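All ligand and atom numbering here is 1-based and tracks the order in the structure. This one's a predicted model, so the numbers in the text were calculated from it and none came from an experiment.
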Amino acid sequence: MYWQTSRYQIDLTRPKVMGIVNVTPDSFSDGGQHGSALAALRHCEQLIRDGADILDIGGESTRPGAPPVSLEDELARVIPVLREATRLGVPVSVDTYKPRVMQAVLELGADIINDIWALRWQEGGGAHGLHGTGLVAAHPSCGVCLMHMHREPRTMQVTPMQGDVVPQVRAFLEQSAGALQALGVDKARIMLDPGIGFGKTVAQNFALLARQAELLQAGYPVLAGWSRKSSLAGMVSHATPAASLSASERLAPSLAAALLAVERGACVVRVHDVKETVQALRVLEAIR
Ligand code: 7PJ
């Protein structure tokens with residue numbers, strides 16, 4: 001099994017580590033230290049030395065309650081980093097939901113579109129708006145990660161999902177993937193992601209990990225993004241989730257969650273701490 005992307009066929013028979021590159025001054029987990037293009041590029045190079053298989057560049061923080069970033073600002077953050085990052089010899093993903101950003105980065109050679117909105121966000125609205133599904137379908141080979149999100153970043157934690165989330169998330173992702181395939185997108189280009197923390201309670205997030213097999217039954221590879229998420233802080237300290245462990249203190253639970261996700265069949269883990277995750281995954285490889 002492989003993930004077809006613009007320039008690379010990523011072998012998914014062994015787990016892959018996607019390293020997060022936040023090009024945002026307000027990023028909740030790295031405090032904006034990679035806010036400039038040069039610093040972000042240095043971070044890309046470090047992640048590759050640490051063993052990252054894929055880079056994921058994002059210009060807009062989507063943490064709950066984060067303010068939206070304008071199209072111009074997002075392009076100004078992402079484009080200079082992407083230009084250089086595509087020369088580093090690994091597939092480069094761009095974390096965006098804006099069709100105009102998708103269009104620009106695909107033209108510049110981005111390998112993967114990673115969209116928390118699963119290509120639902122429409123520029124300008126109406127029939128004439130640019131749409132992510134059309135852009136991905138018009139591209140010959142880019143990879144796409146479709147993530148489940150309940151509601152939208154500013155309100156998703158106010159009214160989380162109701163009931164058994166696992167079949168709901170699976171149905172949404174299957175439907176999104178099916179719609180893309182109906183437009184001619186090869187199944188090998190599609191990755192699904194349950195969207196840990198996006199409009200779910202702590203218990204619902206852990207149900208998605210415990211029962212990840214039910215998502216895999218949809219027949220697509222799964223990417224898991226647990227890195228430094230607040231659900232991990234709540235479980236560890238038994239205190240209120242977000243207030244307990246700060247983002248930088250969530251390494252150990254992040255590694256545990258990444259390992260469990262891979263052990264339960266995830267093909268890609270999206271993480272901040274690449275070096276430690278690669279080491280943790282070696283333990284799993286040793287017993288496989
Ligand atoms: C995710 C993402 C995730 C995918 C973010 C954060 C918040 N993309 N982008 N999956 N999370 N595919 O990194 O904590 O879980 S932004």
Would one find an N or O of Asp56, backbone or side chain, under 3.5 Å from an N or O of ligand 1?
no

Considering the options Ser248, Ser227, Ser254, which one meets the side-chain hydrogen bond (donor to acceptor under 3.5 Å, both in side chains) requirement together with His272?
Ser227

Atoms in ligand 1 flagged as close to Cys145, the criterion being non-hydrogen separation under 4.0 Å:
12 (N)

Under a 4.0 Å heavy-atom limit, does Arg228 contact ligand 1 with its side chain, its backbone, both, or neither?
neither

Do Leu223 and Phe206 sit in one hydrophobic cluster, given that two such residues count as connected whenever their side-chain heavy atoms are within less than 4.5 Å of each other, even indirectly?
no

Within ligand 1, which atoms have a heavy atom of Phe198 less than 4.0 Å away?
1 (C), 5 (C), 11 (N), 15 (O)

If you measure every N/O of Asn114 against every N/O of ligand 1, is any gap under 3.5 Å?
yes

Inspect the contact between Glu84 and Arg87 and indicate whether a charged nitrogen and a carboxylate oxygen are less than 4.0 angstrom apart.
yes

Arg270, any N or O under 3.5 Å of ligand 1 N or O
yes

Near Gly225 (heavy-atom distance under 4.0 Å), the atoms of ligand 1 are 15 (O)

Contacts of Glu214 that satisfy salt bridge (charged side-chain N to carboxylate O under 4.0 Å, His left out) - sequence neighbours left out
Arg211

Enumerate, atom names and distances included, each donor-acceptor pair closer than 3.5 Å involving a side-chain atom of residues 181-193, sequence neighbours excluded.
unit_1	atom_1	unit_2	atom_2	d
Gln181	OE1	Tyr220	OH	2.3
Asp186	OD1	Ala188	N	3.0
Lys187	NZ	Gly219	O	3.3
Arg189	NE	Cys142	O	2.6
Arg189	NH1	His139	O	3.1
Arg189	NH2	Val136	O	2.9
Arg189	NH2	His139	O	3.2
Arg189	NH2	Cys142	O	3.2
Asp193	OD1	Gly195	N	2.8

Do Gln46 and Asp50 pair up side chain to side chain, a donor and an acceptor below 3.5 Å, judged on atom types alone?
yes

